[in-house]
Amino acid sequence: MAEPPDDSALVVRARSGDGAALELLLSRHYDRVAALAFRLLGDPRDAEDATQEALVAIVRGLDRFDGRAAFSTWAYRITTNTCLDELRRRRRRPETVELEVEQLGGTEVRTGQVDQRLEIDAALASLPSEFRVAVVLRDLCDLDYAEIADVLAIPAGTVRSRIARGRAQLADLLRGNQDAPTERPTEVP
Amino acid sequence: MTVSDSHPPDDELVSAVLDGEAGEDERARVEGDPVLRARLEELGSVRRAVAAPPPPPDPAARERAVAAALESWAAADARPAGAVPAPAPPAPIPLAARRRTHVWIASVAAAVVVALGVAGGLVATRSDGSGGDSTDTGAALAEADTEAEPDDAATDQTLAAATTLAGGGTAGGADAPTTTAGGSGAGGATTTAAAPAFGGASPPHFGEVSSADELRAILSTTERTSGGSVGPPSPSTSADASGCALPGYVFVATATWQGVPAVVLVSDGPPAVAAVLRGEGCQPLAEVPLT
């Protein structure tokens, strides 16, 4: 079986008009983009919309991808910006969280896992977005500080500080001494 | 409760150690301090919780998102001005609407015709080109070429041969199955007038294909069958049958890919640079580079 082409090769082919290469590239990164959107937005439906919006933005910006960073990092940047835009929009229309068990794991009886998911989802939702983004890019997307600094266009020292503060707040929340947050994440003014 | 924005100053150090972003001396400091080690463990738990994958996305949402992105890509205003020209029109032209014959596709289909002929007891034409009295299939296939460039000699040539090949259904000889193309030229074209491509029959089937090499072999064999060609599948057997409309690719056949029913699409050459296999619902199964 032939080795699957790497992202760079797929980008080159997509730019030259190869629709299958582009589709493979998007399919390959879809789960990560969707996971990032979900963690940043906290709502499956919003995350679904943001993921689609991010994929469209990725496609439209493909020619601006210069290859200096990994394609995944570039995709994360676009997704992050898309989600931050959504959070800003959400500030103008706050809604309550409606995390449904079905959305978090289907109908299987997996109470423990679902509870854990709800806990971390709720805790993340309560973080200021600047902390949440930094923590999620580090822990979920596995970007290093320099990559996160590049994605967010902030100094690496600020990344380090935001991650530490975000984790500290999450630790407080997950320790069980918090009230359940009732608002979906919103962008910090 | 209110979560304080303040945090122990050492959290930044511990967090950096956790991420492998701290220096040697910083790591030593954390490891040598029981309080900091405990904090390291606590923040490590937080990191694992965040790193746990969220619920898997809905497959339908995935399809919608990818399709929307591809649609955007295919739109003319989404193509960058400096992009290398695409081998095929960028717009997502439904496969069913594709009529233009391409030489590569023609030769792929020609191999299918040959294979079907062999399998079904049919034979190709004799070297003298007298093998057939009917050009139904070939004529049908050539019908799809009516929109081909009139000066596309290669296409014309292969189409002429395709007519001969397909028309050889009742002949017994197979000693020189592919040699009549060059000579027939326009003559072949004169025999191609009537029926629709594939006559509404089932699309060609490559049979069981278990590996990329095997698929390449089928396709390369096809290319070696130079001089033979058929047109693209008809509307009734292309997009409908494949269920996949993929910009830059053309549906050529069905197959059983590693036990899974699949459709085979090839990039819209020439030259064809890749073939893709799609399963039910157009789900990607495999991609096979051809160059």
Side-chain angles (χ1 to χ4, degrees), chain A residues 1-2 4-5 13-24 26-27 30-31 34-35 38-39 44 47-48 51-52 55-56 58-60 62-63 103-105 116-117 119-121 124 126 135-136 138-140 142 144-145 160-161 163-165 167-174 177-179, chain B residues 1 3-5 7-8 11-12 14-16 18-21 42-43 45-58 61-62 64-66 68-70 72-74 78 80 82-88 90 92 211-213 246-249 265 267 273-274 276 284 286-289:
Chain A
M1 184 69 186
R13 285 169 50 189
R15 283 172 170 167
S16 70
D18 186 337
L22 180 60
E23 186 175 7
L24 181 58
L26 296 176
S27 297
Y30 178 87
D31 284 355
F38 179 81
R39 281 281 184 250
E48 193 178 298
T51 299
Q52 179 168 323
L55 290 193
V56 170
I58 287 168
V59 163
R60 288 182 176 271
L62 199 59
D63 248 40
Q103 295 165 341
L104 295 171
Q116 286 175 0
R117 283 176 175 173
E119 268 189 26
I120 189 62
D121 292 342
L124 275 170
S126 72
V135 168
V136 169
R138 171 66 201 129
D139 293 342
L140 181 71
D142 206 29
D144 62 30
Y145 288 6
R160 175 172 157 144
S161 171
I163 289 174
R165 296 177 68 182
R167 281 180 179 152
Q169 290 195 12
L170 286 173
D172 287 345
L173 292 165
L174 294 173
N177 57 351
Q178 80 283 9
D179 297 329
Chain B
M1 80 150 243
V3 177
S4 170
D5 277 350
H7 64 287
D11 273 354
E12 202 169 304
V14 172
S15 191
L18 187 63
D19 291 329
E21 301 265 0
E42 185 175 27
L43 296 188
S45 298
V46 170
R47 186 170 82 163
R48 285 189 293 276
V50 176
D58 177 11
R62 169 198 292 267
R64 281 195 301 273
V66 173
L70 289 173
S72 168
W73 172 81
V84 178
S211 69
D213 287 341
L246 195 58
Y249 277 72
L265 302 101
S267 59
V273 295
V276 295
E287 178 177 351
V288 179

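In the text below, chain A, chain B and the rest are named by the order of the sequence lines, each starting its count at 1. As the structure is a computational prediction, the values presented were derived from the model and not from experiment.
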Which atoms of [X] come close to chain B, meaning under 4.5 Å heavy atom to heavy atom: side chain ones, backbone ones, both, or neither?
| X | answer |
| --- | --- |
| A:Y30 | side chain |
| A:R160 | both |
| A:A34 | side chain |
| A:L24 | side chain |
| A:D142 | neither |

Distance-only check: which donor-acceptor pairs under 3.5 Å involve side-chain atoms of residues 46-53 of chain B, not counting sequence neighbours?
unit_1: B:R47; atom_1: NH1; unit_2: B:L18; atom_2: O; d: 3.0
unit_1: B:R47; atom_1: NH1; unit_2: B:D19; atom_2: OD1; d: 3.3
unit_1: B:R48; atom_1: NH2; unit_2: B:E41; atom_2: OE2; d: 3.4
unit_1: B:R48; atom_1: NH2; unit_2: B:S45; atom_2: OG; d: 3.2

request  = Return yes if some donor-acceptor pair links the side-chain N/O of B:E21 with the main-chain N/O of A:Y145 below 3.5 Å, else return no.
outcome  =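 Side chain of B:E21 to backbone of A:Y145: a pair is present.
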key: Pairing residues for A:E23 by the side-chain contact (heavy atoms from CB on, under 4.5 Å) criterion, not counting sequence neighbours   =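 Only A:S27, B:V66, B:L70, B:L246, B:R278 meet the side-chain contact (heavy atoms from CB on, under 4.5 Å) criterion with A:E23.
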request  = Could you tell me which portion of B:E42 (side chain, backbone, both or neither) has an atom closer than 4.5 angstrom to a non-hydrogen atom of chain A?
outcome  =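 Contact with chain A is through the side chain of B:E42 alone.
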inquiry  = So, applying side chain to side chain contact (heavy atoms under 4.5 Å, CB included) with B:P54, which one of A:L140, A:D31, A:I120 is it?
reply    =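 For B:P54, the side chain to side chain contact (heavy atoms under 4.5 Å, CB included) check succeeds only for A:L140.
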query = Got a second to check how far A:T51's OG1 is from B:R64's CZ, nearest 0.5 Å?
reply =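 These two atoms lie 11.0 Å from each other.
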